[in-house]
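This report concerns only the one structure given below.
Everything numeric here is computed off the predicted structure, so don't read it as measured data. Residue numbers begin at 1 in each chain, while the letters A, B, ... track the order of the sequences.
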2 protein chains.
Amino acid sequence: MTDRPDLAAMFLPLTRALIDAERPVLAEHDLSMWAYGVLLALEEGPLRTQAALAQSIGADKTRIIGVLDDLQRRGLIERVPDPADRRARLLSLTAEGRRLRDSAQAGIRRREERLLARLPEGDREGFLRALRALAALPPHEITDPPPEVTDP
Amino acid sequence: MTDRPDLAAMFLPLTRALIDAERPVLAEHDLSMWAYGVLLALEEGPLRTQAALAQSIGADKTRIIGVLDDLQRRGLIERVPDPADRRARLLSLTAEGRRLRDSAQAGIRRREERLLARLPEGDREGFLRALRALAALPPHEITDPPPEVTDP
DNA sequence: GCTTATAATCTACAGGGGCTTATCATCTGT
DNA sequence: ACAGATGATAAGCCCCTGTAGATTATAAGC
């Protein structure tokens with residue numbers, strides 16, 4: 001294995017830069033990063049509880065309340081009591097929310113594609129495939145990777 | 001281009017997990033993340049000013065003072081006035097500092113290699129090559145990538 | 001019915017980190 | 001020699017975030 005910087009030492013500044021790249025696009029859409037994260041998380045489908053949402057985007061459950069308040073006030077999400085358990089709130093995107101998310105995401109994608117275009121043609125696909133594979137791993141398997149198994 | 005999550009949406013949780021992975025190793029060596037960053041930055045060779053060091057690790061120049069104080073007190077770095085410009089402090093690793101950095105880095109590497117081992121054999125090399133290419137770009141080219149040019 | 005547990009919410013608090021200003025020493029240009 | 005710039009440092013402020021308790025509504029088990 002050839003010598004290389006620590007993974008985190010490469011990832012951290014890169015991530016910062018990627019977030020800086022998103023910032024102006026999100027600002028145009030009046031979205032904070034947390035708010036955008038919520039819209040992305042709800043893309044997959046409605047969620048049953050706010051706590052689940054908070055965990056899925058790595059946020060504190062008390063912290064996203066204000067974010068949800070704002071999104072709801074702007075008609076971007078719906079937050080209705082679960083009829084089966086009225087303590088919980090069912091969260092889902094409205095059509096308007098979906099539209100705003102698509103618009104923001106499109107702007108972000110455009111920049112990202114320009115960035116990816118700078119990678120050597122031959123590495124690009126493998127890079128994205130590996131990245132998706134790592135991103136799909138549960139966090140604890142990254143923090144403390146099991147010794148060998150590739151195919152359980 | 002196939003559909004995929006936003007780059008930042010994949011990078012951010014991955015980076016967090018990688019940092020969590022480093023935390024216990026660094027704790028064993030009594031190093032904060034900033035302190036480790038300093039040791040890594042000085043690996044390349046001595047630096048002429050603290051401000052340059054701060055910038056190179058993405059820290060605030062006023063914030064690393066305490067970190068440097070601690071590292072110096074522990075004999076891990078040297079901080080001597082530049083004879084050519086006595087306002088500046090020449091920063092360099094001591095032998096002990098180099099030893100500690102190597103030890104911490106070795107622990108971190110071990111985990112990282114286990115993680116990389118989980119990637120499909122064929123993608124691993126391209127992944128690392130692409131990652132290094134991106135990490136080598138100046139931040140503003142990531143934030144706002146130029147339209148085309150790969151070879152200026 | 002009563003007790004215990006859970007979801008959401010609010011408030012208060014503490015820590016980390018960035019940013020700003022002021023100070024001191026030193027250098028550079030005139 | 002003097003004025004203005006620069007490096008290091010210290011102190012204070014502010015923001016973001018995470019944590020902990022208290023509160024309310026609701027559920028579920030006994």
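- Near DNA chain D, meaning a heavy atom under 4.0 Å from it, residues 30-62 of chain B has Thr49(B), Gln50(B), Ala51(B), Thr62(B) in order of number.
- In this entry the distance linking CD1 of Ile65(B) with P of dA10(D) reads 6 Å, nearest Å.
- A donor atom on one side chain and an acceptor atom on the other are not found under 3.5 Å apart for Gln50(A) and Arg89(A).
- For Arg23(A) and Asp20(A), the salt-bridge test passes: some basic side-chain N is under 4.0 Å from an acidic carboxylate O.
- For the pair Ile64(B) CD1 and dA8(D) P, the computed distance is 8 Å after rounding to whole Å.
- With respect to Arg109(B) and Glu113(B), no salt bridge is recorded, no charged nitrogen being found less than 4.0 Å from a carboxylate O.
- Taking a cutoff of 4.0 Å between a charged side-chain nitrogen and a carboxylate oxygen, Arg114(A) and Asp144(B) qualify as a salt bridge.
- The aromatic rings of Phe127(B) and Phe127(A) lie parallel to each other, their planes meeting at an angle below 30°, with 60° marking the opposite boundary.
- One can place CG of Asp69(B) at 12 Å from P of dA11(D), the figure rounded to the nearest angstrom.
- Arg48(B) has no carboxylate O lying under 4.0 Å from a charged side-chain N of Asp85(B), or vice versa, which leaves the two without a salt bridge.
- Among all heavy-atom pairs drawn from Leu14(B) and Ala135(A), the shortest one is CD1-N, 4.2 Å.
- Arg74(B) and Asp70(B) are joined by a salt bridge, as a carboxylate oxygen and a charged side-chain nitrogen come within less than 4.0 angstrom of each other.
- Glu112(A) places a side-chain N or O within donor-acceptor distance of the main-chain N or O of Leu7(B), the cut-off being under 3.5 Å.
- Using a 4.0 Å cut-off between a side-chain N of Lys or Arg and a carboxylate O of Asp or Glu, Glu121(B) and Arg124(B) qualify as a salt bridge.
- Running 5' to 3' along DNA chain C, contacts with non-hydrogen atoms of chain B at under 4.0 Å begin and end at dG17(C) to dC27(C).
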>> Output one letter per nucleotide in nucleotides 23-30 of chain D: B when a protein non-hydrogen atom lies under 4.0 Å from the base, S when only the sugar-phosphate is that close, - when neither is.
In response: --BBS---
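- One interatomic measurement links the two molecules: CZ of Arg23(A) to P of dC16(D), which rounds to 11 Å at whole-angstrom precision.
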